[in-house]
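Let me begin by presenting the structure, written as structure tokens, before commenting on it.
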Amino acid sequence: MFVVNVEGAIERNGKWLLILRSEKEEHAGGTLSLVGGKCELEGFSSDILERTLKREIFEEVGCEVAGLKYVNSSSFVTDSGINVIDIVFLCQHKSIEPYPKSSDEVDDVVWMTTSEILANTELPEYLKVNIKLSEKILRDNSYTKF
């Protein structure tokens, strides 16, 4: 079994929205990451990834997004041994200034340029890869990974 996690690469005015994950978080607490969360069991359902991402973004940082475009998928194992499939979508910021709405999950919100993210030695490589791929989609507007 595995957890399905979705994340949003939200770009606005040349900067990407990152969250400082709460120290209370089991996985990667106290680190910067994209906004997102895991899918819940819904039985038969459609657009579960997109709906989950929009819900998680609103719950964690209080803003709305639109125009979701697939960026990347990967898998990893958490420190506690949980297998995770992670899917990243590029999102357009729609409304409301992001803020740390869920204190159990988010300690702060940070806007960083691609250059700042890529130069930051404390950020994980997978985050940098997802930002580079998202940036390429923005530039090309016709990017297809396959």
Side-chain angles (χ1 to χ4, degrees), residues 2-42 45 47-143 145:
F2 52 84
V3 169
V4 175
N5 190 68
V6 289
E7 296 183 282
I10 304 169
E11 188 270 349
R12 184 179 73 185
N13 301 324
K15 294 187 176 186
W16 299 96
L17 176 65
L18 301 179
I19 59 167
L20 178 61
R21 294 173 59 83
S22 170
E23 293 285 349
K24 301 173 192 173
E25 286 281 13
E26 175 191 343
H27 176 68
T31 62
L32 289 173
S33 72
L34 298 174
V35 185
K38 57 187 170 187
C39 294
E40 297 173 355
L41 295 176
E42 293 187 6
S45 179
D47 300 322
I48 187 169
L49 300 176
E50 296 84 351
R51 284 186 299 98
T52 296
L53 183 56
K54 288 179 179 183
R55 182 192 75 239
E56 288 289 336
I57 289 170
F58 185 76
E59 287 176 1
E60 291 184 10
V61 297
C63 71
E64 296 177 346
V65 295
L68 278 60
K69 292 183 182 180
Y70 172 83
V71 173
N72 188 28
S73 62
S74 60
S75 64
F76 63 91
V77 181
T78 67
D79 294 340
S80 60
I82 298 171
N83 290 287
V84 178
I85 293 176
D86 187 62
I87 301 105
V88 177
F89 289 92
L90 176 62
C91 306
Q92 297 171 352
H93 179 258
K94 186 175 169 186
S95 68
I96 306 173
E97 184 63 28
Y99 66 98
K101 182 178 178 182
S102 174
S103 60
D104 286 339
E105 299 173 294
V106 180
D107 283 342
D108 201 5
V109 296
V110 179
W111 290 96
M112 295 176 75
T113 65
T114 299
S115 299
E116 290 170 333
I117 291 169
L118 298 180
N120 188 320
T121 57
E122 297 190 15
L123 294 179
E125 189 59 31
Y126 62 83
L127 175 60
K128 294 177 182 185
V129 167
N130 288 328
I131 292 298
K132 285 191 274 189
L133 290 170
S134 297
E135 181 82 29
K136 182 166 177 40
I137 292 170
L138 282 176
R139 280 195 321 267
D140 295 351
N141 206 18
S142 62
Y143 176 73
K145 186 174 180 182

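Atom CD of E60 and atom OH of Y99 lie 12.0 Å apart (nearest 0.5 Å). Remark: N72 CG to I137 CD1 distance equals 9.0 Å, nearest 0.5 Å. Note that CD of E135 and CG of D140 are 10.0 Å apart. Values are rounded to the nearest 0.5 Å. The distance from atom CD of E116 to atom CG of L123, rounded to the nearest 0.5 Å, is 10.5 Å. In this structure, CG on L49 lies 12.5 Å from NZ on K54, to the nearest 0.5 angstrom. The distance from the CG atom of L32 to the CD1 atom of I117 is 8.5 Å, given to the nearest 0.5 Å.
Donor-acceptor pairing under 3.5 Å is lacking for the side chains of T113 and S115. Counted by atom type alone, W16 and T114 present one or more donor-acceptor pairs between their side chains at under 3.5 Å.
Residue I10 forms a side-chain contact (heavy atoms from CB on, under 4.5 Å) with just one option from Q92, K94, H93, and that option is H93.
Qualifying side-chain contact (heavy atoms from CB on, under 4.5 Å) partners for E97, counting only residues two or more places apart in sequence or in other chains: R12, W111. In this structure, the side-chain hydrogen bond (donor to acceptor under 3.5 Å, both in side chains) partners of E64, at least two apart in sequence or on a different chain, are S95. Annotation: salt bridge (Lys or Arg N to Asp or Glu O under 4.0 Å) contacts of E125 (sequence neighbours excluded): none. Shown here are the salt bridge (Lys or Arg N to Asp or Glu O under 4.0 Å) partners of E59, two or more places apart in sequence or in another chain: R55. Shown here are the side-chain hydrogen bond (donor to acceptor under 3.5 Å, both in side chains) partners of K132, two or more places apart in sequence or in another chain: there are none. Listed by chain and number, the residues in a side-chain contact (heavy atoms from CB on, under 4.5 Å) with I48 are C39, E42, S45, R51, T52 (sequence neighbours excluded).
At a threshold of 4.5 Å between non-hydrogen side-chain atoms, the residues I87 and V4 count as touching. Between I57 and C91 there is a side-chain heavy-atom pair separated by less than 4.5 Å. Side-chain contact check for F76 versus D86: some heavy-atom pair is nearer than 4.5 Å. No side-chain heavy atom of F89 sits less than 4.5 Å from a side-chain heavy atom of K69. The side-chain heavy atoms of V88 and S73, taken from C-beta on, include no pair separated by under 4.5 Å. L18 has its side chain out of reach of V109: every pair of non-hydrogen atoms, C-beta onward, lies at least 4.5 Å apart. Contact of the I19 side chain with the D108 side chain is not registered, since no non-hydrogen atoms from C-beta on lie closer than 4.5 Å. Residues V106 and L20 are not in side-chain contact: their nearest non-hydrogen atoms beyond the backbone lie 4.5 Å or more apart.
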Test side chain to side chain contact (heavy atoms under 4.5 Å, CB included) on E11 and L17 and set out the steps. CA-CA 6 Å; E11 188 270 349; L17 176 65; over 6 Å; no

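Seen from the ring of F58, K101 counts as a face-on cation partner, given the 6.0 Å and 45° thresholds.
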